[in-house]
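The structure appears below as structure tokens.
If you're wondering where the values come from, they're calculated on a predicted model, not measured in any experiment. In the text below, chain A, chain B and the rest are named by the order of the sequence lines, each starting its count at 1.
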Amino acid sequence: MKHDEFAAALAFALEREQAAVAFYADLESRAAFAAQKATLAEFRLMEEGHVALVRSLQARGEVNLSATAAVDLGLARQLAADEPPPAELDFQQILKLAIKKEERSGDLYGQLAAAALDPELREIFGRLAAEESRHRHYFEALYESEVARDN
Amino acid sequence: MNIKDFIAPFAVWKRAFEKPFTVRKPIDERPGAPRYRGFHINDAKACVGCGSCEAICMNQAIDLVPVAGLPAKEGDSGLRPRVDYGRCCWCALCVDICPSGSLGMSNEYVWVDADPEVFRYTPGVEAKPWDKSELGYRRAEGYRLLDGQRVAMPELDHQAAVQSFLELVRGYSRQQAEREADRCVACGLCVASCPAHMDIPGYIKAVRDGQLDEGLNLLYETNPFPEACGRICTHRCEAACSIGAGTGADGEPADPVAIRWLKRYIADQVELADYGRALPRAEPDSGRRVAVVGAGPGGLAAAYYLRLQGHAVTVLEKDEAGGGMLRYGIPEYRLPYPALDKDIAWIQSLGVDIRYGTAVGVDLSLADLAASHDAVYLSTGLPAPYRLDVPGDDHPRVLDGVAVLAAATRGQSLGLGKTVAVVGGGNVAMDAARTALRAGCAVDILYRRREADMPADPDEIREAKAEGARLVEKAIPLEVKAIPLEVKAIPGDPAGALVAWNEARMVQKEDGQRPVPEPIPGAVHEDRYDSIIAAIGQGPDLAFVAESDGIEIRRFKPVVASDGRTSRATIFAGGDLTNERKDAISAIADGHRAALAMDRLLRAKGN
Amino acid sequence: MSRAKAPYIAPAERAAPDLDSGKYLVMWQGPNHPGITGNMSLRLVIEGDSVVDCETHVGYLHRGFEKLMERRLWMQNFPLVCRIAVPEPDFNEYCYAAALEELAGIEVPDKAVWLRTLSLEMIRLASFLMWIGGQAGAFGHGTIAQWSVTMRDYVLDLFEELTGGRIYHMYIIPGGVRGDVPAGFLRRVLETMDTVRKNLDDIELVMFHNVVYKMRAQGLGYIPPDWVDQYGITGPNARAAGLPRDLRKDLGYLAYPRLSFEPIVGTVSDAFERSRLRLLEMYQSIDLIRQIVDMLPARGAFRAKLPNPLHWKIPAGETYVAAECTRGEYGFYVVSDGGDKPRRVAVRGPSYTHGVALMERLARGVNIADVAGLMVSLHTYPPEIER
């Protein structure tokens, strides 16, 4: 794989993670009360962790993420996909946003992996997709245990 | 005397040539009889460490001792009986009384050792050659010292029950209660499992002895809602009860002691007017002021214990009456309002001031409250229903379970129509289903997983089904759709909606996790209901807490220490808002713990 | 001479020998003497080889059972009471259980009534078998003890199979018994009875047709009939004097009214007559055991449901329950104050009357070599003298 292709792939990933940080930061700035703010801030920090991760990949020039995708609990497909105004966000809605977001990112990386001609590039996107699936699983598990307790 | 008297004695010689009767140890073995009461054996896994063996042993030969690798857990003290053969008289009463049936005796009776210390050991934990002995004393079939069968609770039959909101469970008579109380062995496993650590053996003894004032006093030491908890408590104590650990004389699994019903019996038997005879009054005024937000069981429990210490307590309640979910979430047939009112009335009689119709965040801010009081307790619970979160969940016929129950409490018309789908498997779902049944509806309960996975109390599920609700397991709701116009156009047809749901199968996706329902492709059903009641869970409403209040919140929960203290020293929180169990008794326990911590805080402030 | 023909009546008055005169020897027999059948002592004053005065000394075996029972739950006393009389524990179990059942108003199932009767008759037999060995041994016939103790062990084998214990059976529990008979048990009971019976025939031959035994036992320890009420004598000691007193008949407890038997009586209550009567009672027990085996109900509950033993309270009241043990009237007097422990339990053991006052009188004028035989002929168990 050519060095610039690798760099381009990571730069793309970095851009996506930074966009995610910006998304949570935007919601956070418009949050109405402390509980929303705290939760959004926590999720934003997680995305910032991702940014840092991609940066370190750039610096080291190799990818050492696990290739094992997390189990799909199936919530992402079942949840309705509307986005309510930020001032009324409750925990269910914030979690739902996060799940949907992780799913979209995972799907995108998955598609990029499928489209990549270079096997190494396919590997990189595949691993990024797996990383997003682990994230989605984390939020889904949280949804199961905290929101859908009686379901 | 005759000649025979001289000759006959020589007859003894005929025995000289017979085979001896004696056992030639060690060449011949002589095992004990199959029922022989030899050295003890204990199935350490089945044993719950209740100590009934220790209690019945008249020689004090049995000690319950901690065992490495056997930590205490709910329903198991983690202790195991150690037998001292310097004291044991081999009577086997320990075996006869053992609730779990783990204790037995082998038919081994020979054990030689120069070290006297070895004759005190813990059967089943310290390995012995006779551990696997099939022979030896066991309780005879049909013979038990303890009664494994609970005194049956008089209940309305299901046909009659569903006609009205009359209380289903009628309560024990004195004779029934005393008989049920007699079954307790006072092991105390229940105390450890109760979130409020109520003195259960103590009040059961009070029932046995007919000392109901004393019993009431014990109840109020840890729980000022005995009438309510005596009816609707999630009674984890009964799951831990050692009496339910084994089988009864009939070979059926033994019933745990009806702890909850005995608590109710005490509270029911003492008139409110006589409570003063049994219960303590408030200490003289301390001059400190405390605000409690939310008059649910947790908030009022905190108020009660704070008031007892002499603090002035104001409770702010957004609704028009107290009790929180006990009133607006639990239907009348499980907890009649007069019973709840009795609990609240006693708390108020101590001078707790409850301001109804006052919502913090609307009528006044938390900051104001914190400024005007020495301490604040937040127990606002989980009032906000979570949505179904499927397309169409905003359809007007999709109702929220808690709102339906609250409307029933307020005597409002429910307008459910004739057919109702309840989505969810918790107690709210069961209560909503049974309320709908009482409104004359045909009710289906749609649940994503299996009956065994339902978080609702098994009794509730059983009763809901007995009253006529149909349980549809492994049904994943996909969508709520409006009824097409051509169907709807039938005159007089009430408005309804279509629920699309997918049959699921349970798949074990991750080890150690509960199985996940996975849709079976193509197995989609569409059923029409007049109303769909969503009861999948509830969340907190924390809009009243501003960032400037300085309370750390994580994932919509105030972060609290074990005593309920938030990151702000004078503000405490508890109940459903912060704990994991989310039931009344845990909220009461939180309220009590927080009250003790707040009392310490307020006293420290005074110096 | 034949003491049998002219019974010697021991004087009522106690002699007052001048111990400083040099004529007398004070000798302690016991507390560890084979002729005593337990730990007690006889302080004998001897002139030549005749006993001038006998004083019984107890206290070596006091375990405080009656007092201990006041500190233990009703059910906790169940394993305790059997220890009051070691060779015959079941009468303690029965009397204690029956007293509690009477006070608490508990009906015992019929099957338990039969099993209790079986257990009591079996222990009567075992106890007599042990006694006869002692009686023969006291007159130098050690062989009889070898036989009879073996037979007793065969009966104890049955107990082991039925109850899980050889000596302390702890089988008759308040409310009923602790278990039904094991499979094949009744057949083994009958087989054992045949074996014991055959041995009794042998014993009868070599012991009762024996010139030595006759000469030493006849006329020894003669109890005139008018002493029976005076000394509170019961059991074989009284029946040998010609009084048909048997609580199994007179009180009709357990299944005895449904069994056919007649009290065995003698004519002259001396050591020989008493031992012959006990031998006949062993045959009688074997017969009763056979009847019980025939009539024992095959099915049915063997224990009534009782309250939780940890808090069992018995209504205030008092009662006395007695039964005919091998030695006479065995009884428990139980008082409840309504609590979870007995207020008072008093045990009436027949050995108390036979072994203390009666023994002191009968020993007067007896040859020192016959003291042990005399004591055993009264069939006393010192453990029940001191509870």
Side-chain angles (χ1 to χ4, degrees), chain B residues 1-15 20-22 30 32-38 52 55-59 89-93 95-97 105 107 109 136-147 149 178-179 181-186 204-205 208-209 243 249, chain C residues 2 68-69 71-73 75-80 82-83 141 143-144 146-147 149-151 153-154 157-166 168 170 173 175-180 182 199 202 204-215 301-303 305-313:
Chain B
M1 305 291 164
N2 54 41
I3 189 71
K4 192 182 176 190
D5 293 341
F6 289 90
I7 298 167
F10 291 97
V12 296
W13 279 99
K14 72 172 186 177
R15 289 285 178 93
F21 297 121
T22 41
R30 199 280 186 187
R35 284 185 188 176
Y36 196 81
R37 296 189 302 267
S52 300
I56 195 74
C57 181
M58 67 123 179
N59 296 307
C89 78
W90 315 90
C91 70
L93 280 183
V95 178
D96 288 359
I97 202 169
M105 283 172 134
N107 67 334
Y109 58 93
Y137 183 80
R138 308 287 190 281
R139 289 184 294 212
E141 207 177 300
Y143 166 72
R144 291 287 187 282
L145 286 188
L146 298 175
D147 189 354
Q149 213 174 10
E178 289 179 2
R179 221 167 74 222
D182 186 58
R183 298 175 60 230
C184 170
V185 290
I204 290 182
K205 180 176 189 302
R208 249 190 341 259
D209 297 345
I243 298 300
Chain C
S2 178
L68 278 177
M69 283 194 249
R71 312 264 170 93
R72 279 164 167 74
L73 300 174
M75 190 58 81
Q76 286 181 321
N77 286 324
F78 150 73
L80 192 65
C82 52
R83 285 155 168 91
H141 299 303
T143 310
I144 305 293
Q146 310 256 351
W147 297 353
V149 170
T150 301
M151 290 307 111
D153 264 306
Y154 286 154
D157 281 351
L158 295 174
F159 272 112
E160 182 183 338
E161 203 189 335
L162 177 67
T163 71
R166 296 181 69 79
Y168 296 130
M170 297 180 272
I173 196 166
V177 294
R178 266 172 127 180
D180 202 345
N199 268 270
D202 287 354
E204 202 267 341
L205 181 67
V206 300
M207 184 168 164
F208 292 87
H209 299 283
N210 182 326
V211 65
V212 178
Y213 188 67
K214 275 186 178 171
M215 288 185 71
F302 53 82
R303 186 166 184 258
K305 201 156 138 181
L306 253 57
N308 185 333
L310 294 178
H311 346 281
W312 188 21
K313 287 184 182 160

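- Atom CZ of residue C/F302 and atom CD of residue B/E141 lie 8.5 Å apart, to the nearest 0.5 angstrom.
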Query raised in the report: Should C/E160 and B/R30 be marked as a salt bridge (Lys or Arg N to Asp or Glu O under 4.0 Å) after you check the CA-CA gap, both sets of side-chain angles, and the distance that decides it?
Result: CA-CA 12 Å; C/E160 182 183 338; B/R30 199 280 186 187; 2.8 Å; yes

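- The residue among B/R183, B/K205, B/R208 with the most heavy atom pairs within less than 4.5 Å of chain C is B/R208.
- No part of B/N107 comes within reach of chain C, as not one of its non-hydrogen atoms sits under 4.5 angstrom from that chain.
- Counting heavy atoms from C-beta outward, C/P309 and B/I56 have side chains that approach closer than 4.5 Å.
- Atom CZ of C/R178 and atom CZ of B/R35 lie 10.5 Å apart (nearest 0.5 Å).
- The candidate from B/P34, B/A92, B/G38, B/G32 with the greatest count of non-hydrogen atom pairs under 4.5 Å with chain C is B/A92.
- Expressed to the nearest 0.5 Å, how far CD of C/Q76 lies from CG of B/N59 amounts to 9.0 Å.
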Query - C/N199/B/R15 under side-chain contact (heavy atoms from CB on, under 4.5 Å): CA gap, chis, key distance, verdict - result: CA-CA 11 Å; C/N199 268 270; B/R15 289 285 178 93; 2.7 Å; yes

**Report entry** Residue pair C/V206, B/K14: steps toward the side-chain contact (heavy atoms from CB on, under 4.5 Å) verdict
**Finding:** CA-CA 11 Å; C/V206 300; B/K14 72 172 186 177; over 6 Å; no

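- Proximity to chain B is limited to the side chain of C/I173, based on heavy atoms less than 4.5 angstrom apart.
- Of the listed residues (B/M58, B/R144, B/K4), the one with the most heavy-atom contacts under 4.5 Å to chain C is B/M58.
- Interface remark: C/N210 contributes backbone and side-chain atoms alike to the contact with chain B (heavy atom separation under 4.5 Å).
- With a threshold of 4.5 angstrom between heavy atoms, C/L68 does not approach chain B through any atom at all.
- Panel note: side chain C/R303, backbone B/G142; no donor-acceptor pair is recorded below 3.5 Å.
- The line from CG of C/L310 to CG of B/L145 is 8.5 Å long, rounded to the nearest 0.5 Å.
- Heavy atoms of B/Y36 lying under 4.5 Å from chain C belong to its backbone as well as its side chain.
- Under the 3.5 Å distance criterion, the side-chain polar atoms of C/N308 are matched with a main-chain donor or acceptor of B/C184.
- Taking CZ of B/F10 as the start and CG of C/L205 as the end, the distance is 12.0 Å to the nearest 0.5 Å.
- Only the side chain of C/R83 comes within contact range of chain B, with heavy atoms under 4.5 Å apart.
- Looking at heavy atoms from C-beta onward, B/L93 lies in side-chain contact with C/F78 at the 4.5 angstrom threshold.
- The two residues C/P79 and B/C91 come nearest to each other via the heavy atoms CB-CB, 3.3 Å.
- Here CD1 of B/I7 is found 12.5 Å from NE2 of C/H209. Values are rounded to the nearest 0.5 Å.
- For B/D147, the part lying near chain C is the side chain, with the backbone staying farther off; criterion is any non-hydrogen pair under 4.5 Å.
- In terms of heavy-atom pairs under 4.5 Å with chain B, the best-connected choice from C/T143, C/L73, C/L80 is C/L80.
- For the set B/L146, B/T22, B/V12, the count of heavy-atom pairs under 4.5 angstrom toward chain C peaks at B/V12.
- Between chain B and the residues C/Y168, C/W147, C/Y154, the most heavy-atom pairs under 4.5 angstrom are made by C/W147.
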